[in-house]
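To start, the structure itself, in structure tokens.
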Protein chains: 2
Amino acid sequence: MNQSNKIGIKKAALRLFSEKGYEDTSLHEIALAVGIKKPSIYNHFDHKEDIFCAVLDDLLLSETTEYQHLRKQMKIDEPKTNLRMLFDLYCKRLMTTEEALLWKRVTFFPPQQFKEMIEEKFFEFENVVTEILSGIYNDARAADILRDVDGDEFTASFFCLVDGIFLEHHYYNEQVFRQRMDAVWKVYNLGIFKGEGE
Amino acid sequence: MNQSNKIGIKKAALRLFSEKGYEDTSLHEIALAVGIKKPSIYNHFDHKEDIFCAVLDDLLLSETTEYQHLRKQMKIDEPKTNLRMLFDLYCKRLMTTEEALLWKRVTFFPPQQFKEMIEEKFFEFENVVTEILSGIYNDARAADILRDVDGDEFTASFFCLVDGIFLEHHYYNEQVFRQRMDAVWKVYNLGIFKGEGE
DNA sequence: CCTACCGATCGGTAGG
DNA sequence: CCTACCGATCGGTAGG
């Protein structure tokens, strides 16, 4: 019973689940990636489903930790900068981590047996980001730099922005994607914040 | 060789592929839904893959037809109304058609063997909508109702808007979704169009 | 940790 | 359009 193999199984499963989905990933493939035989997986997990749950638990912990860490770096008198930092962190993780890919896959098209569990985790994670956004909104409101937009509209439009960005990241090469990111961020800013002379 | 069964197979496949995905739908299930036995499917299609291609061809044809039809209803002197009509058509189809659900699924997580084909269709469909958007942009520019936003930024931000909406339609119930839709549309409008006094 | 194996299900075929 | 069947692969088990 080698604990490093247990970690290896989770690591391989994270990659394969994110690339191909849960149903389309076989235990044989996972075992192959780890360098063991399929039945040896059962030394560490009782069912394929248990691997999925373990991977998702790890994922949610690392994501929330990351965003909580960002929160501590924020300065109360710079809401515009804070919002951009949140946007950048989201985009960066989107483009570089397997975790973000798996997260979007399973929140979007959950394997049937995990639907409820995933939904719970989704709202848990959304609450973490929503709280950060609320803080930024209050700071921006106090500084009187916002247009006529309430807190819910502020939050909803941010989520829609990053959700749209996420989807588009699948389709365009990095150059086109960055152009899109800049264009979209510009319009979002024009919509949220007052202009110079206003 | 009953042609109505061929249509029935495509109809059942559209529903099942959209609900469960391509890999997770068996030919047995499709046959069951049509009321025939699995091998009889092979009277109409040589492979499971051919059913998928036929369903996707039908889908793209009906989508582009729908948007071309909208285009003809637009009035050159009402760019704001036209943009809203485009947004509404998009949202309506998203919430009511199996086609939109399947489209969402396969553009987001294409079955590996169809990846290229789906990408081609994605850009084909995007071009149809981009042309409509360009027309609206030119009309709005001529009417001098736009902020400092160029054609590419106008197009990119609209796509990001509907892509975000597209994704969020999955997470929320209809009531929350409609609230989000309104909030997001409001911020987008504030970003794109000049305010009253400007 | 392995080899050898299980029943169930998959896409697809033979033959009528 | 059907019944009967194919080899391959799935998640999982027995036994060492």
Side-chain angles (χ1 to χ4, degrees), chain A residues 1-57 102 105-106 109-118, chain B residues 1-57 102 105-106 109-118:
Chain A
M1 185 89 80
N2 185 338
Q3 280 306 317
S4 83
N5 274 346
K6 180 162 189 172
I7 295 169
I9 290 166
K10 288 199 286 186
K11 213 166 153 181
L14 169 65
R15 182 171 55 80
L16 289 163
F17 289 160
S18 71
E19 280 171 11
K20 318 179 16 153
Y22 175 77
E23 303 287 358
D24 211 25
T25 297
S26 70
L27 295 179
H28 172 76
E29 287 173 286
I30 295 174
L32 203 71
V34 180
I36 57 179
K37 301 293 181 183
K38 183 183 69 168
S40 302
I41 290 177
Y42 287 87
N43 288 316
H44 301 287
F45 298 95
D46 287 341
H47 305 278
K48 186 186 180 187
E49 289 164 354
D50 296 334
I51 303 177
F52 184 81
C53 292
V55 165
L56 224 63
D57 283 342
L102 178 59
R105 192 187 265 275
V106 302
F109 293 112
Q112 289 174 25
Q113 65 268 49
F114 303 116
K115 200 169 176 173
E116 269 185 51
M117 181 260 271
I118 290 167
Chain B
M1 184 92 77
N2 186 338
Q3 280 306 315
S4 83
N5 274 347
K6 180 163 189 170
I7 296 168
I9 290 166
K10 288 199 285 185
K11 215 167 154 179
L14 170 64
R15 183 171 54 79
L16 289 163
F17 288 160
S18 71
E19 281 172 9
K20 317 179 14 147
Y22 175 76
E23 303 287 358
D24 212 24
T25 297
S26 69
L27 295 179
H28 173 77
E29 286 173 286
I30 295 173
L32 203 72
V34 181
I36 57 178
K37 300 294 181 182
K38 184 183 70 170
S40 303
I41 291 177
Y42 287 88
N43 289 316
H44 302 288
F45 299 94
D46 287 340
H47 304 279
K48 186 187 180 187
E49 289 164 353
D50 296 335
I51 303 177
F52 185 81
C53 292
V55 165
L56 225 63
D57 283 343
L102 180 59
R105 196 187 261 277
V106 302
F109 294 111
Q112 289 175 25
Q113 65 268 50
F114 303 116
K115 198 169 178 174
E116 270 186 51
M117 180 260 270
I118 290 167

Legend entry - Presence of salt bridge, B/E23 and A/K20, under 4.0 angstrom: no
Legend entry - Separation of atom CG in B/L27 from atom P in C/dC10, rounded to whole Å: 9 Å
Legend entry - Shortest side-chain distance from A/P39, nucleotide among C/dA4, C/dC1, D/dC1: C/dA4
Inset, instruction - Using the six-membered ring of B/F17, assess whether NZ or CZ of B/R105 lies under 6.0 Å from its centre and within 45 degrees of the ring axis. - result: no
Legend entry - Identity of whatever pairs with D/dC1 - Watson-Crick or G-U, under 3.5 angstrom: C/dG16
Legend entry - Pair partner, D/dG11 [Watson-Crick or wobble, under 3.5 Å]: C/dC6
Inset, instruction - Have a look at B/S40 and say if it touches a base, only the backbone sugar-phosphate, or nothing, with a 4.0 Å heavy-atom cut-off. - result: base
Inset, instruction - Nearest whole angstrom, please: distance from the C1' of C/dG11 to the NZ of B/K38. - result: 6 Å
Legend entry - Rounded distance (Å) that lies between atom C1' of D/dT9 and atom NZ of A/K48: 12 Å
Inset, instruction - For the pair B/Y22 and B/F52, name the ring-plane relationship: parallel under 30°, tilted 30 to 60°, perpendicular over 60°. - result: perpendicular
Inset, instruction - Determine the minimum heavy-atom distance between B/G21 and B/T25, stating which atoms define it. - result: O-OG1, 2.8 Å
Legend entry - Between C/dG11 (P) and B/L32 (CG): distance, integer Å: 13 Å
Inset, instruction - Take atom CD of A/E29 and atom C1' of D/dC10, then tell me their distance rounded to the nearest Å. - result: 11 Å
Legend entry - Audit row: B/Y42, B/L27, side chain to side chain contact (heavy atoms under 4.5 Å, CB included) steps and yes/no: CA-CA 10 Å; B/Y42 287 88; B/L27 295 179; 3.2 Å; yes
Inset, instruction - Please determine, for the side chain of A/K37, which listed nucleotide (D/dC10, C/dT3, C/dG11) has the closest atom? - result: C/dT3
Inset, instruction - Respond yes when some side-chain nitrogen or oxygen of B/H47 is under 4.0 Å from OP1 or OP2 of C/dG12, and no when none is. - result: yes
Inset, instruction - Quickly work out the B/Y42 OH to D/dC6 C1' distance and round it to whole Å. - result: 12 Å
Inset, instruction - Can you tell me the distance, in whole Å, between the NZ atom of A/K20 and the P atom of D/dC10? - result: 9 Å
Legend entry - Whole-Å distance separating the CD atom of A/E23 from the P atom of C/dC10: 12 Å
